[in-house]
Amino acid sequence: MALLFILFSIGCSNDDEDRPSIVLGELRVEDPNFCAHSSGTGGRYDIIIPYSGTQNDVLKHILYEGTLDDGKTDSGALDQFEGFELEDGDGELNWGNICLGFADSAWLDFEIRIETTEGKISSASSIRLNRTDFDN
């Protein structure tokens, strides 16, 4: 009977503890255009980051990871918004006028999370940006 209880306890973890309290919505892009990047041509974007689940939270970092179609990746944490007070409940961040390099790649997968000064890290949200997105 004790073994059954242990197996039942292991199988019933508290998933709420693993779920981030801040959830990012679907990323969207505004005003795509060409730009010069250190690795060649790039795309200049305004990335809109919808979020929900915030309460008295202050932004510390935007965490990002970019993956090109050839598998090359780049990641980091931007603090240009550090100290920005997030709206309670839900809102949007506009990470504007960024130049993303495509090198010789046709597309770039871009994933974002946000981190608060309290150490909360949001769920991830990603978008695929195609080299031709700014040709339209």
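- Both Ile127 and Leu93 sit in one connected hydrophobic cluster of ILVMFWY residues. Membership requires side-chain heavy atoms under 4.5 Å apart, directly or through other members.
- Going from atom OG of Ser75 over to atom CG of Leu63 covers 9.5 Å, rounded to the nearest 0.5 Å.
- When the shell of 6.0 Å around CD of Glu30 is examined, it contains more than 12 heavy atoms from other residues, nucleotides or ligands.
- The line from CD1 of Ile98 to CD of Gln80 is 8.5 Å long, rounded to the nearest 0.5 Å.
- Cluster membership check: Leu100 shares its hydrophobic cluster with Val29, using side-chain heavy-atom separations under 4.5 Å among Ile, Leu, Val, Met, Phe, Trp and Tyr.
- For the pair Ser105 (side chain) and Leu68 (backbone), a donor-acceptor distance under 3.5 Å is absent.
- Atom OG1 of Thr116 is separated from atom CD of Glu82 by 11.5 Å, given to the nearest 0.5 angstrom.
- Closest of all the heavy-atom pairs between Asn97 and Asp46 is N-OD1, 2.6 Å.
- The cluster map of Ile, Leu, Val, Met, Phe, Trp and Tyr, joined by side-chain heavy atoms under 4.5 Å apart, puts Phe84 and Ile121 in different clusters.
- Counting only distance, with no hydrogens or angles, the side chain of Ser52 and the backbone of Gly89 share no donor-acceptor pair below 3.5 Å.
- A 4.5 Å side-chain heavy-atom check between Thr67 and Lys72 finds every atom pair outside the cut-off.
- In this structure, His61 and Leu59 have side chains that are not in contact, with every pair of non-hydrogen atoms separated by 4.5 Å or more.
- Judged by distance alone, with hydrogens and angles left aside, the side-chain atoms of Asp90 form no donor-acceptor pair with the main-chain N or O of Tyr51 at under 3.5 Å.
- Here Lys120 pairs with Asp57 in a salt bridge; the nearest charged N to carboxylate O distance falls below 4.0 Å.
- Across all their heavy atoms, Ser123 and Pro20 have their closest contact at N-CG, 3.5 Å.
- Within the model, atoms CD1 of Ile49 and CZ of Arg28 stand 10.5 Å from one another, a figure rounded to the nearest 0.5 Å.
- Considering only heavy atoms from C-beta on, Leu86 stays 4.5 Å or farther from Val58 through its side chain.
- Within a 6.0 Å sphere centred on CD of Glu92, other residues, nucleotides and ligands contribute more than 12 heavy atoms.
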Asp109 and Ser126: CA distance, side-chain angles, deciding distance, side-chain contact (heavy atoms from CB on, under 4.5 Å) verdict: CA-CA 7 Å; Asp109 283 340; Ser126 59; 6.0 Å; no
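- In this structure, Arg44 contributes its side chain and Pro32 its backbone to no donor-acceptor pair below 3.5 Å.
- Note on Glu111 versus Arg128: no salt bridge recorded, every NZ/NE/NH1/NH2 to OD/OE distance being 4.0 Å or above.
- Here the side chains of Ile22 and Ile114 are in contact, with some heavy-atom distance below 4.5 Å.
- The shortest distance between side-chain heavy atoms of Asn56 and Asp88 falls below 4.5 Å.
- Within the 4.5 Å cutoff, no side-chain heavy atoms of Ile48 are placed close to those of Leu27.
- How far CD1 of Ile112 is from OG of Ser125: 7.5 Å, rounded to the nearest 0.5 Å.
- Taking 4.5 Å as the limit, every side-chain heavy atom of Tyr45 sits out of range of all side-chain heavy atoms of Trp95.
- A distance of 8.5 Å separates CZ of Phe34 from CZ of Arg131, quoted to the nearest 0.5 Å.
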